[in-house]
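What follows is a single structure, written as structure tokens, with notes after it.
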Number of protein chains: 2
Amino acid sequence: MTTPPPALAWSTDNCTVGRAMEVLGERWTFVVLREVFNGVRRFEDMRRHTGMPRQVLTDRLALLVDADILRRVPYREPGQRERHEYRPTDKGFDLYPVLVAVRHWGDRYLADPEGSPVEFEHVGCGAEVDVVLRCRDGHEVTGRRDVATRPGPGIVPFSG
Amino acid sequence: MTTPPPALAWSTDNCTVGRAMEVLGERWTFVVLREVFNGVRRFEDMRRHTGMPRQVLTDRLALLVDADILRRVPYREPGQRERHEYRPTDKGFDLYPVLVAVRHWGDRYLADPEGSPVEFEHVGCGAEVDVVLRCRDGHEVTGRRDVATRPGPGIVPFSG
DNA sequence: CTTGCTGAGTCTGTCAATCAGACCTAGGGT
DNA sequence: ACCCTAGGTCTGATTGACAGACTCAGCAAG
């Protein structure tokens with residue numbers, strides 16, 4: 001009989017992937033982040049540009065601000081009252097590689113035949129930016145078989 | 001007045017991030033992928049291990065199989081009838097960097113004080129595997145300011 | 001050959017989230 | 001005094017999440 005996978009013996013209560021998905025794993029969250037990273041930071045702009053429902057946008061923004069991924073920054077156009085725009089915090093900026101990874105995958109498998117609608121370029125050099133896996137000894141990792149999951153310091157045994 | 005962000009002039013209809021999130025952007029999808037990548041591939045194992053509702057697991061698996069991210073593979077334990085397990089396809093394997101990126105972010109901001117429950121190690125060398133941004137000329141990209149979004153071949157003007 | 005166990009589901013009813021569309025509101029312009 | 005605009009709230013219908021019970025196929029023990 002096949003041996004059971006070792007991962008079955010580990011609890012998933014403190015799994016950081018699961019926790020991350022509690023905030024990131026709603027249909028529109030990443031779309032909001034995409035907009036913000038692309039410089040679209042105002043409520044009406046985002047709503048018109050993405051076509052998402054007002055209420056959902058309100059909710060998502062509040063959730064992201066609450067999670068300290070975005071922050072509200074006041075601004076004032078001349079002849080307008082003060083309003084707020086949404087900008088990524090440092091914690092939010094650190095999600096950029098996730099966005100790049102998602103876009104990379106989406107471009108490969110989900111793009112229209114003409115190709116990707118947007119590209120990320122390295123400022124100064126102009127070459128396209130990708131995400132790569134690399135170990136801390138500097139080796140680049142290509143095949144999935146070259147990575148193994150092992151328990152870390154926060155591991156908890158599973159009792160289910 | 002501030003110039004409007006150029007991204008506002010681009011349509012998001014063919015945005016590959018949005019499309020990717022249609023399949024990835026449900027609360028449990030990534031959790032299922034995490035399990036599968038960690039070697040937990042059978043219905044009951046996943047259900048018990050994650051605590052997710054049967055119906056949702058059924059739905060997510062069907063959706064992922066439908067999207068060609070997982071495939072059902074028959075197996076048979078001795079003295080048992082034939083059953084199926086779920087394994088990533090190539091398209092599914094290519095989501096691994098996304099999972100690593102999410103985990104990396106989650107570990108930094110969401111982990112318990114003891115640390116991350118699991119780590120990814122480079123097989124052979126044993127060092128931890130991270131995700132890094134790099135441009136195709138080989139430069140590593142660190143700051144968010146070093147990346148710009150530009151229109152790609154599949155760009156469509158926005159008319160909203 | 002009936003009874004029970006197990007993995008992998010389906011069925012049903014409840015409760016929460018999504019969505020579209022209408023309504024509200026504070027400042028500013030005319 | 002009235003209208004415009006960005007950024008919301010409120011309302012009701014549809015969809016999704018969830019828990020718990022039920023189903024079903026094949027194998028095994030009695």
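No hydrogens, no waters, no symmetry mates; every other heavy atom, side chains included, goes into these values. Each chain gets a letter, A, B and so on, in the order its sequence line appears, and its residues count up from 1.
Ranking D:dT9, D:dG7, C:dT18 by closeness to the A:Arg60 side chain, first place goes to C:dT18. If you check D:dC18, C:dT18, C:dA8 against the side chain of B:Arg42, the one that comes closest is C:dA8.
In this structure a side-chain-to-backbone donor-acceptor pair under 3.5 Å is missing from A:Ser116 to B:Thr16. A:His122 places no side-chain N or O within 3.5 Å of a backbone atom of B:Arg136 that could act as its donor or acceptor partner. Distance alone, capped at 3.5 Å, places no donor-acceptor pair between the B:Lys91 side chain and the A:Arg108 backbone.
By the 6.0 Å and 45° rule, A:Arg42 stacks over the aromatic ring of A:Tyr75.
Every pair tested for salt bridge (charged side-chain N to carboxylate O under 4.0 Å, His left out) that includes a residue from residues 61-76 of chain B fails, sequence neighbours excluded, so the list is empty.
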With B for base contact, S for sugar-phosphate-only contact and - for none (protein heavy atoms under 4.0 Å), nucleotides 19-30 of chain D reads S-B---BSSS--
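The interatomic distance linking A:Leu57 (CG) with D:dG8 (P) rounds to 8 Å, in whole Å. Summarising the geometry, the separation between CG on A:Leu63 and P on C:dA17 is reported as 11 Å, rounded to the nearest angstrom. Atom CZ of B:Arg72 is separated from atom P of C:dG7 by 16 Å (rounded to the nearest Å). Across the protein-nucleic acid pair, A:His84 atom NE2 and C:dG27 atom C1' stand 14 Å apart, rounded to whole Å. What separates CZ of B:Arg41 from P of C:dA8 is a distance of 14 Å, to the nearest Å.
Within the 4.0 Å cut-off from OP1 or OP2 of C:dA8, at least one side-chain nitrogen or oxygen of B:Tyr75 is found. Within the structure, a side-chain polar atom (N or O) of B:Trp28 is placed less than 4.0 Å from OP1 or OP2 of D:dC18. One finds a side-chain N or O of B:Tyr86 lying less than 4.0 angstrom from the OP1 or OP2 phosphate oxygen of C:dG9.
B:Glu35 contributes atom CD, which lies 11.5 Å from atom CZ of B:Arg41 (distance to the nearest 0.5 angstrom).
When each of A:Val56 and B:Asp45 is assigned the nucleotide of DNA chain C with its nearest heavy atom, B:Asp45 is the one assigned upstream, toward the 5' end.
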Could you walk me through whether A:Leu95 and A:Val98 pass the side chain to side chain contact (heavy atoms under 4.5 Å, CB included) test, one step at a time?
CA-CA 5 Å; A:Leu95 280 170; A:Val98 180; 4.0 Å; yes
